[in-house]
Number of protein chains: 2
Amino acid sequence: MRDVAKLAGVSHQTVSRVLNDHPNVRAETRARVLEAMRSLNYRRNLAARTLVTRQSDTLGIIGFETTLFGPASMLYGIESAARDAGYMVSIASVRDLDRRQVLEAVDRLTQHSVDGVIAIAPKQSVTHALAQAPPSLQCVAVGGAGESDAAPTVSIDNALGARLATQHLLDLGHATVHHAAGPPDWPESVERIEGWRRTLYAAGAQVPPVEHGWWDAESGYAQGQALARDPSVTAIFCSNDRIALGVLRALHEAGKRVPDDVSVVGFDDMPDSGYFVPPLTTVHQDFGELGRRSLALLLEHMTSAADHQPPEQVLVAPELIIRASSGPSPGR
Amino acid sequence: MRDVAKLAGVSHQTVSRVLNDHPNVRAETRARVLEAMRSLNYRRNLAARTLVTRQSDTLGIIGFETTLFGPASMLYGIESAARDAGYMVSIASVRDLDRRQVLEAVDRLTQHSVDGVIAIAPKQSVTHALAQAPPSLQCVAVGGAGESDAAPTVSIDNALGARLATQHLLDLGHATVHHAAGPPDWPESVERIEGWRRTLYAAGAQVPPVEHGWWDAESGYAQGQALARDPSVTAIFCSNDRIALGVLRALHEAGKRVPDDVSVVGFDDMPDSGYFVPPLTTVHQDFGELGRRSLALLLEHMTSAADHQPPEQVLVAPELIIRASSGPSPGR
DNA sequence: TCGCCCGATGTGAGCGCGCACAGTGTACGG
DNA sequence: CCGTACACTGTGCGCGCTCACATCGGGCGA
């Protein structure tokens, strides 16, 4: 920077002003400085800037299961929104969502002086842990938990999605809708169950028992095999597309035709779910939007850190995508 | 730090020594300093450290299509290996792989003074761009291109994978193997084609013409429809699992049974490919290993920056996973 | 004409660390 | 008894930048 100042014939402070777009610099001077910067191929040292301003223009992301499509998409959404806002992002992945690991991740990010943290946080333990973070650090949770008491949250309206799926199947004439659920300790899973249950209840339909599983096709396959044995099952709402994939295979192997004998609906709208056999009716989540909204929320909280509003909560509406896997009830 | 020094009754330098594990500190002194750090809840300011040491303990990752399973897995592999090695990672995603965007990403990372860069770089344009990065910045490319002239590279042995798949089908008695390829300008796709072609050639089998497509199921579906029309097709090697998914659907809709009429083999071993209908025989890539190896290679190059070895190239061997989608040739 | 204000620029300090070097005390051999 | 060696600790400095303040000069109203 000193070299630039010397070459442009100004003081280092004027260079700094040009760098930071201060208004009170004569246009000609600014041009001369810019020219000097270019010819010296100067780049400012952000570490020094961070040292004095105490802000790094870097955001931290606490990632969980980021190899899965949903989290990976959120990550991408956050990163690209952050770039547009002039922020860099650093990642701290977490193998499990227990308090210790989350706090450790927050700590690593803090050490590297991030200005804020977005946690991909499908379980409540994360928001709880986040509440223990230094209060000067703004945190936002994105992903799972609807009801957050600690941190501001952005999530999909899972209950709405479940309602859309369930109602769609009821409208097709199915007497009731069975559910292949995700893990019981994930709020996303729980909220989808609730949405499904309430919709059935509102329609006066019988509410079948729920089997829990993991989020993958293996679990869906197991649940599907059980459901295929029950002849009264004509419609299955699956808690995500991977589970639906397993259910589809189980039904196929049991000789049940989809959608003629049984209708299946998923959740997520994974990239290729339109090419399952048959193409899967599912609930589309806009993960990119989720990322963008969470970034916006974080930035908002960062600028107005003084006034302590109650933690906000943003819900993003999902959308039902109707494909071939759902059709009229066979009895109709 | 000054406060810690005061509380422990030592100088700031001694505190620094404790922080950096210098040997020449009396055990008792070290304990006193550590105690002071704990009681003041002291964390060292890494920005200041970076400023003086000129290294940030941060690595940059240039990401491309990180919502897909493969890149997302590499990202995760790199990140977790980096954490174990004491590094933080920052991400710079890139929408397209043209030189400008890649250089821009390198620039952003450089500004934030990363110590090295790993590029998830399935196309050669990236390694070329990487060569233009400041020579002080160590770069490693991971993912696609076998033949790199510029940067050290870690990639899957695509040709080997293709050979395993093709040979497997030939061994089952198929007269030849058709190929549903990926995009023609991706080295991964090209190398798989080459491996497939060479295997057929070595076996004296006829080499069918190749159709190119994108990496998704939609493209596989289109290719599959064309292949289903040709009664001589009994075996199809797909350039990835998503293409295979589309091919499976096309075959199913055309009334072809898998594997009775046509065998299908994929590439990637995506999480749920074992639950396709039927479960997909495929070539397993260890993306996590890829990430770890690339990190190791980068660190190696960073420590011995002086001696300019020719750019290394690491190949990771894939593995054939045999499932139900491949079986004996119907004519046999 | 004088004084005042404001835009444009320069000066010095210090952010929190690690490095080079200078000290201090203790042990040991001559 | 002194000198040397070594283990341990302290002192100043500067990394590159921004902030608060000082300075300078010209335009404008009284």
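Note on naming: letters A, B, ... go to the chains in the order of the sequence lines (proteins, then strands), and numbering restarts at 1 for each one.
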Separation of atom [atom1] in [X] from atom [atom2] in [N], rounded to whole Å:
X: A/R2; N: C/dG10; atom1: CZ; atom2: C1'; result: 16 Å
X: A/N45; N: C/dC15; atom1: CG; atom2: P; result: 18 Å
X: B/Q13; N: C/dC19; atom1: CD; atom2: C1'; result: 7 Å
X: A/R26; N: C/dC6; atom1: CZ; atom2: C1'; result: 15 Å

Any salt bridge between [X] and [Y], counting N to O under 4.0 Å?
X: A/R292; Y: A/D84; answer: no
X: B/E35; Y: B/R38; answer: yes
X: A/R100; Y: A/E104; answer: yes

Between [X] (side chain) and [Y] (backbone), is there a donor-acceptor pair under 3.5 Å?
X: A/N158; Y: A/E191; answer: no
X: B/D115; Y: B/L59; answer: no
X: A/S73; Y: B/T67; answer: no

Suppose we call two aromatic rings close when their centres sit under 6.0 Å apart. Are A/F287 and A/F69 close by that rule? yes

Nearest to the [X] side chain among [options], which nucleotide is it?
X: A/L51; options: C/dG10, C/dC15, C/dC17; answer: C/dC15
X: B/H12; options: C/dG18, C/dG16, C/dT11; answer: C/dG18
X: A/R54; options: C/dA8, C/dG10, C/dG16; answer: C/dG16
X: A/V52; options: C/dC17, C/dC15, C/dT9; answer: C/dC15

Opening and closing nucleotides of DNA chain D in contact with chain B, under 4.0 Å to non-hydrogen atoms: D/dC8 to D/dG16

Closest-nucleotide 5' rank along DNA chain D - winner of A/A48 and B/V25: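 Upstream on the strand: B/V25.
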
Between A/N20 and B/S11, which has a closest nucleotide on DNA chain D that is more 5'?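 Upstream on the strand: B/S11.
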
Nearest nucleotide by nearest heavy atom, which residue falls closer to the 5' end of DNA chain C, B/R17 or B/R43?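 Going by which nucleotide is closer to the 5' end, it is B/R43.
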
Considering just the side-chain nitrogens and oxygens of A/T29, establish if one lies under 4.0 Å of OP1 or OP2 belonging to C/dT9.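 Yes, within the criterion.
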
If the cut-off is 4.0 Å, is B/R44 near the phosphate of C/dG18, judged by side-chain N/O to OP1 or OP2? yes

